[in-house]
Amino acid sequence: MVPRKRLIIFVPLPGEENYKPFFILSRAINDEEGILLENKIKEIKKKIVSELNRIKDLKDIEKLRVECLGRRGVVTLLLRKLGMLSPEERPKAGQLLNQTKGEIEELLKTKEVEIEKLESEKKLQGEGVDITFPGRKIDKGTIHPINLVLREIEEIFLSLGFKMEEGPEVELDYYNFEALNIPKDHPARDDQDSFYITKDILLRPQTSPVQIRTMENQKPPVRIIATGKCYRRDATDSTHSPMFHQIEGLAVDKDITFGDLKGILTVFVHRMFGKDRKVRFRPGYFPFVEPGAEVDVSCLLCEGKGCRSCGYVGWLEIMGAGSVHPRVLEMVGYDPEEYSGFAFGMGAERIAMLKYGINDIRLFFENDLRFLKQF
Amino acid sequence: MQVSYNLLKEYIDIDISAGELAKRLTINGIVLERMEKISTKIEKVIVGRITAIDQHPENKKLSVCQVDIKEEVLQIICGAKNMKVSDKVVVALEGAKLPQIGIIKSKKFKNVLSSGMLCSASELGIEPGESPGILILEEDAVLGEDIRKIIKFDDTIFDFEIHSNRPDLMSIIGIAREVAVITDNKLKTPEIKIKEEDERIEKDITVKIEAEDLCPRYTGRVIKNITVGESPLWLKWKLKLLGARPINNIVDITNFIMMETGQPLHAFDLDLIKGKTIIVRRSRTGETICTLDDVERQLPFKSLVIADIEEPIALAGIMGGKHSEIDQNTKNVFLESAYFSSVNNRRSTAKFGLRTEASNRFEKGIDKEVQIYALDRAADLINKIAMGKISSGKIDTNKKLYQPCKINLRIKRVNRILGQLLDKDESKTKNKIINILNKLEFKVVEGKGEYIEVIPPSFRGDVEREIDIIEEIARIYGYDKIKPTLFNHTIAQEGKNFRFKVIDQARETLIGCGLNEVITYSFISPDIFDRIRIPEGHKLRNAIKIKDPMTKDHSLMRTSLISSLLEVIKWNTNRQAELVKIFEVGKIYLPCPEKPNSLPQEKLIIAGAINKIGRGDIWEKSLSLDIFDIKGIIETVFQGLKVEIWEVVPGNHPAFHPLRNGKIIMGGEEVGIFGEIHPEVINNYRIPGKVNWFEIDFENLLPHVPSDIKYCVLPKYPSVERDLAVIIKEEILSVDIIKTIKSIDEKLIKKVTLFDIFKGKQIGDSFKSLAYSVVFQAEDRTLTDHEVGNTFKKIREKLMVKFDAKIRE
């Protein structure tokens, strides 16, 4: 009979101050002779679990880890004594202890994560702010409403294949009148309405001279829009300003018809004011177009029923248009038998006033920040 | 042109309502400006006849009239004096309603009973103000008839906007013609029956035309033994509907016929025409005339006048002279109906600054054939109303003024311009076109094959070529019936060009920097130059002058945006705005002194101004600023545009703080300025605090903006950063230090950044300490400490030598 080796180990159980000697045996004998390794491990685990339940912070976990797995920890001590076992017993006991070590580590880790989560939650609770305080925004500026409208109109026509042109604001009488079929002494010519600089130079009262300058510089097809400042001798009041902005359009090519004018401008009105708007074309007179037209859009407020803003007629006049007068084409050297086209012009202020519900044109040029910041 | 619904009905049958008529006319191009329903509440007012007039026993100012109203004779007290026995008058009966007065009741005046009232024109609402006497009706008025049968008090007034190419619409008949097109009914023009006396016109007047170019046709009649007086009720009422004021029967008739036919007329007192001769000629130097409006006028040389053998007696087609005016004493008249050249009339009107109903018609061009019709119609009325006797014969210097012109109209062309086949069948289209043209009184001669010959009527002087006829066809056919189409060929072109894209980009950046865009007037006042400290003789003072400005504030075109934006800051700070950050993309206008008759140079400027920085909220109080805030904004704009190479040199703009402004230079050219506005200027504008300013000359900037982006390979080897602080004299510029550092090794030194500035007693009063970080990097290798150290040493030495700098470790 192989004598039973008896090991006496003094190891503290975690959380206990007193060292209590115990024996471990590889084979079962009765308790008086010693404790079976398996039972000892069970006891240790049980003790650890109960310790963990009590623990509330990370420091205590660390302490428990040292007690179990540290250099003098119970598991470490047990492992160290393995050599004393018989070679047959050693592997099994080693496996058992290593497994135990892993299990303990797992338990500790789980508890650690749990406590960390609690601690971080606790920390966050102390970090409250008044979320209704204002943000640190970069106080963005605003585009002037006139330019906002011009840009919107430009985008629409650009998408329809028009390109942008510009021309001088201080313009020759020739481009402004003569070439637009308004010779000297023409009834439509009202010199009183324009600011003249010399006999032949004036501040343009319309953007139409850009039509002539463009056609003089290129051959058809022409498809342009031009926007810019214009000037008329109007005393300032809620609907008049000596300076204002116009948008001019011109398309010249073979076989462009009045129907094309209606088509393009209808697309424009629908994009600018909404698909539900009705468009009305009625005869109008501008010397440089023929047939000439006034373009009305159904009132934005009453939708055509008639209200104060449309003068109870249900329609708002938004622009003048027409087929380019053959005389105008002749003046720039285009053959009116070969080419035809259409032109249109509208006031940016009027469009902006309709679109934004502005009732006084002076607001555009007073530049009150309380006004500008709304756009 | 003002006209009424009932008035039109006298010339054309109208079977649609006034509202519908106005709508249809608007769609046909005759735009309604104003429509007003009028109705006068008049009841129990009838025609009576005065049978006796006695003076009131107690009040000499009052008359006691016996008035026959057919059923009975009423006693009515009247304050007026213009009636006589057997006159037909307007009687308001007991219980009658009058618009101004209300209900009439029988009442005793100083013990004499008055059972009603005799009415004046103003009491009936026919004349404005207060009429001088009661209304005397014509002899043929029916006794006892309700006044509402004579005058249609319920009516609708239309005011049409007449385009300058359609002077034919400045008449009742003209509008009625358009109504005829709509209603398909036939125009009814008044018939004339002239009763001529034996006496010949030649006995009393001779007409000589000395300026046939300006007066291609002159017609006239002589009417003698007229009685000048008040116009009859119907005429007064019509004038009221037409928006004119009655004066006397002769003048009222000429005014009415002008508005009926579109032909201005003038009546001269025949006996005041010296030498019984009318001479139509150009005015001579030094001549004057006193016109009907009581103004003594200097006649411009060579403007058309009507003269007698001595002097001008009328401004042709504009206004008559005071001397030959029709008044109570006029017995005989010479009636003129002429065609004056529109060009002359326009010029004269402009010279006199005098615009009348007549000149307004002449300058747009009247009907070339209507002269005789209008003349006879007026003569007829003068005969009937003012009892005048018409001398036989008439003056007419040119019966063939109107020469019908034939215009060829190609049916195919109509469709090519309008883009819509009236009908797929060409002959049907042709019929439709002919139908429209006939309605418009255009004569159509069927041509052979593809075109028809069209002769426009005499009153349509605006129709001169094929396109004019096409417009008429479109107008009557209806613009609404032309089908909208979209181009189906050649999609153009380049879209938004680079210039506009750069403007947009700059604008977006400035908005991102928190600036609000403004638009200010291009006009300035000459006073602003003093206000912004521009010295006499400075080039900015050379501004384009507006010939006759409306106000001094709008008398020059701006050469700088400074005053415009300062005004905006002032406007806003005056309205409790603490923080004003604004910019404008606008033009300045610079005259070319070498070529005074050429157009000025228009330069686009991007300018901005800020008075404070920060948001002015709990996180960031709004703070006073220095010029580096504004310089930062320009740098951001340049960054957005990928403009990297530029330098700053001290500026000398007089509107700025002398030591706090700079110029931005690109390629040797000035591209912008920035700085602090001079405190004196700020004070002149009464702006609290400071204003910082920048402006970019867009035209000069544009060539420096790259149009596309080229990617640079990322560095493969690490960079090394070394810091360096130099103590230098105050006046040495940081930019020179940076340039010098870079010049040591352009290849290795990638970046030099100023990161700290220090001034203080420790380093001496006139010194500053600037700290830079220098970044070294090679493209082909990792730099060694030794390499960097060597270069760094060279930098230190160079700075010490060149700037006498102390290097701080």
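Numbers restart at 1 for each chain; the letters A, B, ... are given by sequence-line order, proteins then strands.
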So, taking the atom named [atom1] in [X] and the one named [atom2] in [Y], what distance separates them when rounded to the nearest 0.5 Å?
X: Tyr196(A); Y: Ile546(B); atom1: OH; atom2: CD1; answer: 13.5 Å
X: Leu203(A); Y: Met557(B); atom1: CG; atom2: CE; answer: 4.5 Å
X: Ile519(B); Y: Phe365(A); atom1: CD1; atom2: CZ; answer: 6.5 Å
X: Glu464(B); Y: Arg327(A); atom1: CD; atom2: CZ; answer: 10.5 Å
X: Tyr231(A); Y: Phe523(B); atom1: OH; atom2: CZ; answer: 6.0 Å
X: Thr573(B); Y: Leu369(A); atom1: OG1; atom2: CG; answer: 10.0 Å

Arg213(A) and Leu599(B) have their tightest heavy-atom pair at NH2-CD1, 3.3 Å
Of all heavy-atom pairs linking Arg475(B) and Pro283(A), the shortest is CG-CG, 3.3 Å
task: For the pair Glu161(B) and Arg282(A), find out whether any cationic side-chain nitrogen is under 4.0 Å from an anionic carboxylate oxygen.
output: no
**OP:** Could you tell me whether Arg465(B) and Glu330(A) have a side-chain N and a carboxylate O separated by less than 4.0 Å?
**Re:** yes
Just by modelled atom types, is the [Y] backbone N or O under 3.5 Å from a matching donor or acceptor in the [X] side chain?
X: Tyr285(A); Y: Gly29(B); answer: no
X: Lys496(B); Y: Glu154(A); answer: no
X: Thr485(B); Y: Gly263(A); answer: no
X: Glu290(A); Y: Glu471(B); answer: no
X: Glu517(B); Y: Ile143(A); answer: no

Under 4.5 Å, counting heavy-atom pairs only, tell me which of [options] racks up the most with chain B.
options: Arg136(A), Met164(A), Arg370(A), Glu171(A); answer: Arg136(A)
options: Lys140(A), Glu165(A), Lys262(A), Glu155(A); answer: Lys262(A)
options: His245(A), Glu166(A), Arg280(A); answer: Glu166(A)
options: Pro242(A), Ser340(A), Gly322(A); answer: Pro242(A)
options: Ala251(A), Ser241(A), Gly292(A); answer: Gly292(A)
options: Ile146(A), Asp368(A), Leu372(A); answer: Asp368(A)

Working note: Asp504(B) + Arg151(A), criterion side-chain contact (heavy atoms from CB on, under 4.5 Å); need CA distance, chi angles, decisive distance, verdict. CA-CA 9 Å; Asp504(B) 279 354; Arg151(A) 185 185 281 192; 3.9 Å; yes
Which one of Lys412(B), Arg416(B), Arg413(B) satisfies the salt bridge (charged side-chain N to carboxylate O under 4.0 Å, His left out) criterion with Asp255(A)?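 Passing option: Arg416(B).
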Are the side chains of [Y] and [X] in contact, using a 4.5 Å heavy-atom criterion?
X: Met243(A); Y: Ser522(B); answer: yes
X: Tyr521(B); Y: Thr236(A); answer: yes
X: Leu418(B); Y: Pro291(A); answer: yes
X: Phe195(A); Y: Pro549(B); answer: no

- [ ] Take Asn572(B) and Glu366(A) through the test side-chain contact (heavy atoms from CB on, under 4.5 Å) and record every step on the way to the result.
- [x] CA-CA 9 Å; Asn572(B) 283 291; Glu366(A) 280 168 1; over 6 Å; no
Below 4.5 Å from any heavy atom of chain A, which atoms of [X] appear? Answer side chain, backbone, both or neither.
X: Thr26(B); value: both
X: Glu602(B); value: side chain
X: Val580(B); value: both
X: Leu510(B); value: neither

Tell me, side chain or backbone of [X] under 4.5 Å from chain B's heavy atoms, or both, or neither?
X: Phe342(A); answer: side chain
X: Lys184(A); answer: neither
X: Ile201(A); answer: side chain
X: Val313(A); answer: neither

task: Determine, stepwise, if the pair Ile467(B) / His325(A) fulfils side-chain contact (heavy atoms from CB on, under 4.5 Å).
output: CA-CA 8 Å; Ile467(B) 191 71; His325(A) 198 289; 4.0 Å; yes
Side chain to side chain contact (heavy atoms under 4.5 Å, CB included) test vs Leu486(B) passes for just one of Ile264(A), Leu160(A), Asp260(A), namely Ile264(A)
Decide side-chain contact (heavy atoms from CB on, under 4.5 Å) for Asn147(A) and Arg507(B); before the verdict, give the C-alpha distance in whole Å, the side-chain angles of both, and the deciding distance to 0.1 Å.
CA-CA 10 Å; Asn147(A) 282 328; Arg507(B) 187 181 268 138; 3.3 Å; yes
